[in-house]
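A short write-up of the structure that comes next.
The residues of the chain are indexed from 1 along the displayed sequence.
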Amino acid sequence: MKLTVVGTGYVGLVTGACFAEMGNDVLCIDVDADKIARLGRGEIPIYEPGLEEIVRRNVAQGRLHFGTDVHEGVRFGTMQFIAVGTPPDEDGSADMRHVLAAARAIGEHMTDYKCVIDKSTVPVGTADAVREEIARTLAARGVTVPYTVVSNPEFLKEGAAVEDFMRPDRIVVGVDDERARFLMQALYAPFQRQRDKLVLMDVRSAELTKYAANAMLATRISFMNEMALLAEKLGADIEQVRRGIGSDPRIGAQFLYAGCGYGGSCFPKDVKALLHAAAGAGEPLQVLSAVERANERQKRVLVDRVVQRFGENLSGYTFALWGLAFKPDTDDLREAPSRVVVAELAARGARIVAHDPEAMAGARRLFGALPAVHFADTPMQALEGADALVIVTEWKAYRSPDFERMRVLLRQPVVVDGRNLFDPWLMRDAGFEYLPIGRRTGDAPATLPLALAA
Ligand SMILES: NC(=O)c1ccc[n+]([C@@H]2O[C@H](COP(=O)([O-])OP(=O)(O)OC[C@H]3O[C@@H](n4cnc5c(N)ncnc54)[C@H](O)[C@@H]3O)[C@@H](O)[C@H]2O)c1
């Protein structure tokens, strides 16, 4: 099939590349000429495991193309995927400007049937707004051209986006038109050879499904984060609680890790947008507003720990920071908890030496103007002369470090761990003052081997 993907960001590029991989002919367009020029030179503007190979292969085999020409984009694909950004507006609602601009462009240039697919995360009612925008534009041109608007929200996870797209758990399609249903079924057939993964529903339900999914996941995270803080107060260990509840199939083991708050380009903005939409509909979401408040508090938990340990005035102190991206396996810094940590430590006069395996270029652009922020080439280099290590992102490369070396490099052997990477008792044995989230750090547990407990 011939597809156009409008918006070549994390979602658009992965969507375009994966559809091309299945043999479709795909044109990805973007208003960002620089991004398209880089892609034209074979440079991948984002870090996403497996993406580079798949883009290279499909470009080389002539199935994946990039451009900035909107007219060409509309002419090219029968299927027009809208995968532009939907950032939060000032009031928290989703900003639909880019989605409606894409719809307008389709209406301005289409001359034959188009199946327009909302892949961006958009509030309930957006498909109607897109349909109206195209209708208005066609009317202004004085022409009638058939089209359908479909909702096909994306559930990929950054860091595993290619894998998620190629082997989805489910494919949600909101459609109320036979022709579009047939096209969507045909397009997604190669992704579900083993079992049927298509969850067909009406358009509004599909739009709400995406927000409900992200809101549920954010809720699990905030719930566990609050449990972790409570566990600390009560002398319990959140890791043991996690294993205890995660083994219940009604609860499940995923998304139960306590940490220093959720971030990224989706959860924070989608939670805000859903809260805004619910309030507007006269049905305010009490649980979700508490989830958001809990997360705001949790993003400050590492700073609070540093302040408790070193005092309000941090001038003269240096902190090593491991992990800047909002989660491992991505270079995405949008709403990352590291941003709060860096800003708050710097505001208190601290010097920060940060490391991240993939997000350094973005971090230099983001924090480069702050004289207190420095960057290290390796995790160990960040520790040299630091008064404490603060771990913000759980990259695999941080999970089994050389503890001996760490202790030698750090000026004070203090580790503030926002991702609970290490065993508290082993850390204590190794001579560290270890400050994780919700872990029991007191006496060794009775089950520990005597040699370790000694
Ligand atoms: N990033 C994720 O993990 C993820 C997962 C699922 C859903 N989503 C949703 O998908 C959407 C896109 O997210 P993203 O992370 O890919 O965003 P992004 O910011 O990485 O990419 C959006 C791209 O759209 C381009 N664009 C904006 N207006 C345009 C226009 N009129 N024509 C052509 N291009 C235009 C921008 O230049 C940018 O390159 C959002 O609604 C997001 O909530 C994101």
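Ile117 and Asn152 get closest at one heavy-atom pair: CG2-CB, 3.4 Å. Scanning all heavy atoms of the two residues, the minimum distance from Ala103 to Ile82 falls at N-CD1, 4.3 Å. Taking each heavy atom of Val55 and Ala17 in turn, the nearest pair found is CG2-CB, 3.9 Å. The two atoms that bring Asp417 and Leu302 nearest to each other are C-CD2, 4.2 Å, heavy atoms only. When all heavy atoms of Val303 and Val341 are compared, the closest pair comes out as CG2-CA, 3.8 Å. Counting all heavy atoms, side chain and backbone alike, Leu274 lies closest to Ala215 at CD2-CB, 3.8 Å.
Checked by atom type and distance alone, the side chain of Asp164 pairs as donor or acceptor with a backbone atom of Lys157 at under 3.5 Å. With Glu154 contributing its side chain and Leu156 its backbone, the two residues share a donor-acceptor pair below 3.5 Å. The backbone N or O of Asp89 sits nowhere less than 3.5 Å from a side-chain atom of Ser93 that would complete a donor-acceptor pair. Of the possible polar contacts, one joining the Gln192 side chain to the Lys197 backbone as a donor-acceptor pair under 3.5 Å is found. At least one donor-acceptor pair under 3.5 Å links the side chain of Glu207 to the backbone N or O of Gly125. For Lys114 (side chain) and Gly77 (main-chain N/O), a donor-acceptor pair under 3.5 Å exists by modelled atom type. Checking side-chain atoms of Gln298 against main-chain N and O of Cys260 turns up no donor-acceptor pair under 3.5 Å. In this structure, Trp322 contributes its side chain and Leu389 its backbone to no donor-acceptor pair below 3.5 Å. In this structure, the side chain of Asp32 engages the main chain of Asp34 through a donor-acceptor pair within 3.5 Å. Side-chain N or O atoms of Glu344 include none that pairs as donor or acceptor with a backbone N or O of Arg300 at under 3.5 Å.
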task: For the pair Thr111 and Arg141, evaluate side-chain contact (heavy atoms from CB on, under 4.5 Å) and give the outcome as yes or no after the intermediate values.
output: CA-CA 11 Å; Thr111 53; Arg141 285 170 58 200; 4.3 Å; yes
query: Given Arg242 and Met227, is the side-chain contact (heavy atoms from CB on, under 4.5 Å) satisfied, shown in steps?
result: CA-CA 10 Å; Arg242 180 186 69 76; Met227 278 299 137; over 6 Å; no
field: CA sep, side-chain torsions, deciding dist, call: Arg97, Asp95, salt bridge (charged side-chain N to carboxylate O under 4.0 Å, His left out)
entry: CA-CA 6 Å; Arg97 243 176 318 159; Asp95 180 350; 2.4 Å; yes
message: Could you walk me through whether Met166 and Phe191 satisfy the side-chain contact (heavy atoms from CB on, under 4.5 Å) test, starting with their C-alpha distance in whole Å, then the side-chain angles of each, then the deciding distance to 0.1 Å, before giving a yes or no?
response: CA-CA 6 Å; Met166 295 303 277; Phe191 297 87; 4.0 Å; yes
- prompt: Passes side-chain contact (heavy atoms from CB on, under 4.5 Å), Leu288 versus Thr219? Steps please.
  reply: CA-CA 7 Å; Leu288 199 59; Thr219 302; 4.0 Å; yes
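By the neighbour-count criterion of 12 heavy atoms within 6.0 Å, atom CZ of Phe223 is sparsely surrounded, having that number or fewer from other residues, nucleotides or ligands. The number of heavy atoms from other shown groups lying within 6.0 Å of CZ (Arg41) is above 12. Heavy atoms from other residues, nucleotides or ligands lying under 6.0 Å from OH of Tyr113 number more than 12. Within 6.0 Å of atom OH in Tyr147, more than 12 heavy atoms from other residues, nucleotides or ligands are found, so the atom counts as buried in its surroundings.
Side chains of Leu324 and Leu366 form no contact here, defined as non-hydrogen atoms less than 4.5 Å apart. Using a 4.5 Å cut-off on side-chain heavy atoms (C-beta onward), Gln240 and Arg243 make contact. Two residues are said to be in side-chain contact when any heavy atoms from C-beta on lie closer than 4.5 Å; Val291 and Asn295 fail this criterion. The shortest distance between side-chain heavy atoms of Met184 and Met79 falls below 4.5 Å. Residues Ile251 and Leu256 form a side-chain contact, since some pair of their non-hydrogen atoms from C-beta on lies under 4.5 Å apart. By the 4.5 Å heavy-atom criterion applied to side chains, Ser120 and Thr126 are not counted as neighbours. In this structure the side chain of Gln308 never reaches within 4.5 angstrom of the side chain of Leu435, judged on heavy atoms. Between Phe326 and Thr393, every side-chain heavy-atom pair lies at or beyond the 4.5 Å cut-off.
Side chain to side chain, Tyr262 and Ser222 fail the donor-acceptor criterion of an N or O pair below 3.5 Å. Residues Thr86 and Lys269 have side chains that bring a donor and an acceptor to within less than 3.5 angstrom of each other.
The structure places OH of Tyr211 at 11.5 Å from CG of Leu275, a figure rounded to the nearest 0.5 Å. The CD atom of Glu133 lies 13.0 Å from the CZ atom of Arg131; values are rounded to the nearest 0.5 Å. Atom CD of Glu358 and atom CG of Asp332 lie 12.5 Å apart (nearest 0.5 Å). Rounded to the nearest 0.5 angstrom, Leu421 CG and Ile391 CD1 are separated by 5.0 Å. The CG atom of Leu217 sits 4.5 Å away from atom CZ of Phe267, with the distance rounded to the nearest 0.5 Å. For the atom pair CZ (Arg204) and CG (Asp128), the distance works out to 5.0 Å, reported to the nearest 0.5 Å.
Thr68 pairs by the side-chain hydrogen bond (donor to acceptor under 3.5 Å, both in side chains) definition with nothing, not counting sequence neighbours.
Taking 4.0 Å as the cut-off between side-chain N and carboxylate O, Glu394 and Arg399 do not count as a salt-bridged pair. Classification of Arg293 and Glu296 as a salt-bridged pair fails, no side-chain N sitting under 4.0 Å from a carboxylate O. Salt-bridge annotation for Glu158 and Arg334: present, with a side-chain N of the basic residue lying under 4.0 Å from a carboxylate O of the acidic one. One finds no salt bridge joining Arg104 and Glu108 here, because no Lys/Arg side-chain nitrogen approaches an Asp/Glu carboxylate oxygen to under 4.0 Å. Residues Arg56 and Glu53 are not paired through a salt bridge, judged by the lack of any N-O separation under 4.0 Å between the basic side chain and the carboxylate. Salt-bridge annotation for Asp270 and Lys272: absent, with no side-chain N of the basic residue lying under 4.0 Å from a carboxylate O of the acidic one. We find that Glu312 and Arg348 are joined by a salt bridge, their nearest charged nitrogen and carboxylate oxygen being less than 4.0 Å apart. Remark: Arg167 engages Glu163 in a salt bridge, criterion side-chain N to carboxylate O under 4.0 Å.
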Which donor-acceptor pairs under 3.5 Å do the side chains of residues 18-29 make with protein atoms, sequence neighbours left out?
| from | atom 1 | to | atom 2 | distance (Å) |
| --- | --- | --- | --- | --- |
| Glu21 | OE1 | Arg57 | NE | 3.3 |
| Glu21 | OE1 | Arg57 | NH2 | 3.4 |
| Glu21 | OE1 | Asn58 | ND2 | 2.8 |
| Glu21 | OE2 | Arg57 | NH2 | 2.8 |
| Asn24 | OD1 | Met1 | N | 3.1 |
| Asn24 | ND2 | Phe19 | O | 2.9 |
| Asp25 | OD1 | His65 | NE2 | 3.1 |

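Between Ile437 and the options Met224, Arg419, Arg305, a side-chain contact (heavy atoms from CB on, under 4.5 Å) holds for only Arg305.
Residue pairs satisfying the ring-ring contact (aromatic ring centres under 6.0 Å, His included) criterion with at least one member in residues 38-59, sequence neighbours excluded, are absent.
The aromatic rings of Tyr398 and His355 sit perpendicular, their planes meeting at an angle over 60°, well past the 30° parallel limit.
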